[in-house]
Protein chains: 2
Amino acid sequence: MTDKAGNGGAATGGVTIGDAAKASGVNAKLIRYYESIGLIPEAGRTASGYRLYSPAEVHVLRFVRRARGLGFSIEQIQTLVGLWRDRDRSSAEVKRVAQAHMDELEAKIAELTAMRDSLRRLAEACHGDDRPDCPILHDLAG
Amino acid sequence: MTDKAGNGGAATGGVTIGDAAKASGVNAKLIRYYESIGLIPEAGRTASGYRLYSPAEVHVLRFVRRARGLGFSIEQIQTLVGLWRDRDRSSAEVKRVAQAHMDELEAKIAELTAMRDSLRRLAEACHGDDRPDCPILHDLAG
DNA sequence: CATCGTGCTTCCAGCGATTGGAAGGTCAAG
DNA sequence: CTTGACCTTCCAATCGCTGGAAGCACGATG
């Protein structure tokens with residue numbers, strides 16, 4: 001029940017991908033995927049080929065997970081991680097990326113809301129009983 | 001400028017895919033795709049292999065386009081087209097499909113709205129100037 | 001020492017709903 | 001006969017994952 005490698009988080013120079021996954025909330029499969037597309041740099045390896053993650057790398061993974069949670073695209077996250085690493089960044093640059101994403105969110109919300117409203121109007125007019133008459137189909141049929 | 005086939009909409013037993021596209025608002029590529037996945041039945045063909053669409057088939061395409069416009073999935077549209085064709089359908093069944101989709105829309109809207117609100121709060125707290133301090137990155141970094 | 005179970009590795013494929021392109025056949029008009 | 005607009009099929013890419021298969025690595029147990 002204890003660590004199979006005996007180093008669940010310290011001293012050896014990094015944790016395995018499974019532990020990095022647990023610590024960051026990004027599953028192992030996804031971590032490899034993020035590496036493969038270049039979102040995160042290639043991890044170091046043990047002699048036998050296992051990936052190793054330092055606390056700093058786990059931190060990046062957590063960052064990525066949070067950014068995905070806010071709906072940022074991989075491309076935007078790449079930019080954000082870059083800005084995060086850059087101590088001389090301007091907050092204006094970060095804000096620009098965030099604003100761009102907010103605009104996308106706003107557009108998507110508007111689109112979905114319009115769909116929902118149209119649909120709601122149609123559904124409200126539909127009896128929803130055994131009779132075949134249905135304003136929903138009537139509308140779709142044009 | 002007139003019809004290349006001389007039958008832009010009548011008498012010959014159907015229009016070509018390009019004309020069906022213009023008439024339905026679904027582009028030709030997409031019509032073929034819809035056929036390939038079984039959303040619409042295989043179209044008839046001319047001797048030389050061109051697809052032909054009757055007014056009724058064009059009508060189905062228009063139906064599909066409107067349903068996609070409301071955000072219904074292909075699978076849901078398949079059900080709706082089936083119900084549309086069935087004169088003995090119950091409006092309750094149609095309403096169920098619509099309601100299911102409205103629930104999905106509602107969930108997505110809630111998700112995106114939560115993202116937008118979080119992001120807005122962070123962005124409002126960000127100066128957006130030359131200084132590197134940024135609550136957005138601060139939050140993402142945890 | 002052999003074996004077991006778990007975790008790691010790579011690679012390949014699929015999801016949903018399109019869109020794009022390449023390579024080639026068909027048709028009517030000039 | 002050539003031109004050009006249409007049609008055909010097939011294959012690949014998009015976005016962000018997720019799943020599976022086949023095979024090595026590792027530690028604990030019998």
Side-chain angles (χ1 to χ4, degrees), chain A residues 1-8 12 14-40 42-53 61 64-78 101 104 108 111-112 115, chain B residues 1-8 12 14-40 42-53 61 64-78 101 104 108 111-112 115:
Chain A
M1 280 307 180
T2 54
D3 292 322
K4 52 222 143 292
N7 66 347
T12 336
V15 299
T16 61
I17 199 168
D19 290 333
K22 275 171 213 139
S24 67
V26 180
N27 75 52
K29 206 102 193 196
L30 207 37
I31 295 176
R32 288 190 204 99
Y33 170 69
Y34 286 157
E35 182 186 304
S36 81
I37 60 170
L39 174 57
I40 55 173
E42 289 191 22
R45 304 276 184 146
T46 65
S48 59
Y50 284 21
R51 286 175 181 80
L52 285 180
Y53 296 86
L61 287 170
V64 169
R65 195 194 49 125
R66 289 183 179 232
R68 285 295 302 144
L70 286 176
F72 283 102
S73 70
I74 299 288
E75 203 181 350
Q76 287 169 328
I77 296 174
Q78 229 150 4
H101 178 42
E104 292 161 10
K108 197 78 194 165
E111 186 190 349
L112 298 184
M115 288 177 179
Chain B
M1 281 308 181
T2 54
D3 292 322
K4 52 227 144 287
N7 66 346
T12 336
V15 297
T16 60
I17 200 169
D19 289 333
K22 275 171 213 139
S24 67
V26 181
N27 74 52
K29 205 100 195 199
L30 208 37
I31 295 176
R32 288 189 204 101
Y33 169 70
Y34 286 158
E35 182 186 304
S36 82
I37 61 169
L39 174 58
I40 56 173
E42 289 191 21
R45 303 279 184 143
T46 66
S48 59
Y50 283 21
R51 287 176 180 80
L52 286 180
Y53 296 86
L61 287 170
V64 169
R65 196 196 48 133
R66 289 182 178 234
R68 284 295 301 143
L70 286 175
F72 283 104
S73 70
I74 298 288
E75 203 181 351
Q76 288 169 326
I77 295 174
Q78 229 149 5
H101 178 43
E104 293 161 10
K108 196 77 193 167
E111 188 190 347
L112 298 184
M115 289 176 179

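The chains referred to below are lettered A, B, ... by the order of the sequence lines, with proteins before strands, and numbering in each begins at 1.
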Engineer: Given side chain to side chain contact (heavy atoms under 4.5 Å, CB included), test Q76(A) with E104(A) step by step and report yes or no.
Structural biologist: CA-CA 12 Å; Q76(A) 287 169 328; E104(A) 292 161 10; 3.4 Å; yes
Engineer: The side chain of K29(A) lies closest to which of these nucleotides: dG20(D), dG16(D), dC8(C)?
Structural biologist: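 Within the option list, the nearest is dG20(D).
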Engineer: Over all strands shown, is T46(B) touching base, sugar-phosphate only, or nothing at heavy-atom distances under 4.0 angstrom?
Structural biologist: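 No contact.
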Engineer: What is the distance from CG of D19(B) to P of dC7(D), rounded to the nearest Å?
Structural biologist: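 Those two atoms, CG and P, are 7 Å apart.
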Engineer: Nearest-Å distance, CD1 (I17(B)) to P (dC27(C))?
Structural biologist: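 Atom-to-atom, I17(B) to dC27(C), this comes out as 16 Å.
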Engineer: Considering only heavy atoms and no angle criterion, is a donor-acceptor pair shorter than 3.5 Å present between the side chain of Y50(B) and the base of dG25(C)?
Structural biologist: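 Yes.
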Engineer: Categorize I37(A) for me: base, sugar-phosphate, or nothing, with a 4.0 angstrom heavy-atom threshold over every strand shown.
Structural biologist: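 Contact class for I37(A): none.
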Engineer: Side chain of S48(A), heavy atoms from C-beta onward: which of dA17(C), dC26(D), dC17(D) has the nearest atom to it?
Structural biologist: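 Closest of the options to the side chain of S48(A): dC26(D).
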Engineer: Given atom CZ of R45(B) and atom P of dC6(D), what is their separation to the nearest angstrom?
Structural biologist: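 In whole Å, dC6(D) P and R45(B) CZ are 19 Å from each other.
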Engineer: Measure CZ/R51(B) against C1'/dC27(C) and give the value in whole Å, please.
Structural biologist: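 Between C1' of dC27(C) and CZ of R51(B): 17 Å.
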Engineer: F72(B) CZ to dG16(C) C1': how many Å, rounded?
Structural biologist: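 Rounded to the whole Å, the gap is 17 Å.
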Engineer: Nearest-Å distance, CZ (R32(B)) to C1' (dC11(D))?
Structural biologist: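 Value for this atom pair: 14 Å.
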Engineer: Within the structure shown, what part of the strands sits under 4.0 Å from Y34(B) by heavy-atom distance: base, sugar-phosphate, or nothing?
Structural biologist: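 Sugar-phosphate only.
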